[in-house]
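Data block below; observations after.
Just so it is clear, the values below take in all heavy atoms, side chains as well, and ignore hydrogens, waters and symmetry mates. Computed from a prediction, not measured in an experiment: that's the story for all the values here. Just so we're on the same page: letters track the sequence lines, and every chain starts at 1.
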2 protein chains.
Amino acid sequence: MTQQKKSIPSMVKDPKLIEKRREQIVEAAVGLFISKGFHKTTTREISRASGFSIGTLYEYIESKEDVLYLVCDAIHQEVEKRLKEVLVDATSGVEKLRSAIKGFYHVMDEMQDRVLLIYQEIKSLPKEPMRYVLGKEEEITAIFEEILEHGMQDGSLKIEQSAVKLMAHNIVVLGEMWTFRRWSLQKHYTLEQYINIQTSLILGELTTN
Amino acid sequence: MTQQKKSIPSMVKDPKLIEKRREQIVEAAVGLFISKGFHKTTTREISRASGFSIGTLYEYIESKEDVLYLVCDAIHQEVEKRLKEVLVDATSGVEKLRSAIKGFYHVMDEMQDRVLLIYQEIKSLPKEPMRYVLGKEEEITAIFEEILEHGMQDGSLKIEQSAVKLMAHNIVVLGEMWTFRRWSLQKHYTLEQYINIQTSLILGELTTN
DNA sequence: TTTCAACGACCGAGCGTTCGGTCATACATC
DNA sequence: GATGTATGACCGAACGCTCGGTCGTTGAAA
């Protein structure tokens, strides 16, 4: 199920150093991509912001798109990590879902810029890396799918089996929507209001059927 | 409320001809942008696909971004036109909402590629045109807002007043989601299934409160 | 002496945009 | 009808520049 993570070749031997430099690259690139977008950011800007020269940058990547891939991967990793941190409290059924939604939407809020970045630049990735990144997105959706299944097993949720997968997508997309429609939503709602309304929308259908 | 439509200067005198040529440009560019994206499409390709030379292309636009603006505008115009066509049957209340959702989602399905195009390339527009295009998006949302209000007035819908605007956004985004998550959704659901589940999600919350 | 990360001047393909010029058409003049 | 002239849509070679990517060199460390 989980795709093979594409590993980018490097001219440099020391793996520790590679990791360190790539962290620098990602940190620098995230900021640049958020403020100017991938296409309008030059490799030279990335190298400068990373703290080294253009030549050195190319010791650690093979193409500019590799940088985008590293960035997308790092962001997804952080989303998933944070989401799983929020999920540890093993209450059961609906309550688990409630707190998962709340936690996830808070993560979306805190990581707005980075989430939006993935949304907007993912299409600039080459085919293979793109598939991998989309796979990550499905993994996150799958987490909610499991929570829904769990709630159905303990009887606290009732959903048609065929709707489960779609509900998981809905939960994720309604979270991401907080970022990509912020130009309108955040003028009219606070995060807490947003979470409350969306949660009751999602649970409304689920519990009454 | 409605933004001023930005009109692009042209070197050519005859307005009829301008309109005709710009239609050619849009038609050509939509195809190219869908298959290669805005950034990877060259002005020369656009002119070639439009049926005239690069020099002539620049008689009708001032910059490559103008083409993107023309494209986005044309797409939105078509969405809005089609949506309004579907809304004519003046049944009332919930039924109006039901058929509006169904109609809108069908439009999204038929215009998948073009809707997705706007989603992915809007950010490449200069500030002003972007504001205008986002304004169009709010207009579409407003149409659903009105339908919701209408349903509340005739008593067939009950929603907290504060949730109305957000519900309208939800309806629109869940429609657009059919396009931007098609890599997963369309593997698991038919359009009809999708419409049914989403409609009952939306109405579930609305009617039971 | 060997190794190798770091450097940055250099390369050249490709891009958006320009501009001097062509030519079909329309109209005026004889 | 023949001739001259103005118009304006159309053309595409060429320009200037940007930017991703390369490679010969340097200098520190082992």
Exercise for the section: Assign a letter to each nucleotide of nucleotides 17-22 of chain D from its 5' end: B, base within under 4.0 Å of a protein heavy atom; S, sugar-phosphate only; -, no contact. Expected result: --SBBB
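- Under a 3.5 Å cut-off, the side chain of Asn196(B) and the backbone N or O of Gln193(B) do not form any donor-acceptor pair.
- Using a 30° and 60° split on the angle between ring planes, Phe52(A) and Tyr60(A) fall in the tilted class, from 30° to 60°.
- Protein chain B touches strand DNA chain C; the 5'-most and 3'-most nucleotides with an atom under 4.0 angstrom of its non-hydrogen atoms are dC15(C) to dT18(C).
- In terms of modelled atom types and a separation under 3.5 Å, the side chain of Gln24(A) and the main chain of Ser50(A) share a donor-acceptor contact.
- If you measure from atom NZ of Lys16(B) to atom P of dA9(D), you get 15 Å, rounded to the nearest angstrom.
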Practice task
Dump the intermediate steps for side chain to side chain donor-acceptor pair (under 3.5 Å) on Glu138(A) and Ser184(B), then the final yes or no.
Solution key: CA-CA 8 Å; Glu138(A) 286 213 89; Ser184(B) 175; 3.0 Å; yes
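- Between the side chain of Tyr189(A) and the main chain of Ser162(B), a donor-acceptor pair closer than 3.5 Å is present.
- Proximity of a side-chain donor or acceptor of Tyr105(A) to a complementary backbone N or O of Ile171(A) within less than 3.5 Å is detected.
- Within the 4.0 angstrom heavy-atom criterion, no nucleotide atom of any strand lies near Arg48(A).
- Here the side chain of Lys64(A) pairs a donor or acceptor atom with the backbone of Phe38(A) at under 3.5 angstrom.
- Distance CD (Glu59(B)) to C1' (dG12(D)): 12 Å, rounded to an integer number of Å.
- Taking all atoms of both residues into account, the shortest heavy-atom contact from Phe144(B) to Ile101(B) is CE2-N, 4.2 Å.
- We find that NZ of Lys13(B) is positioned 15 Å from C1' of dC10(D), with the value rounded to whole Å.
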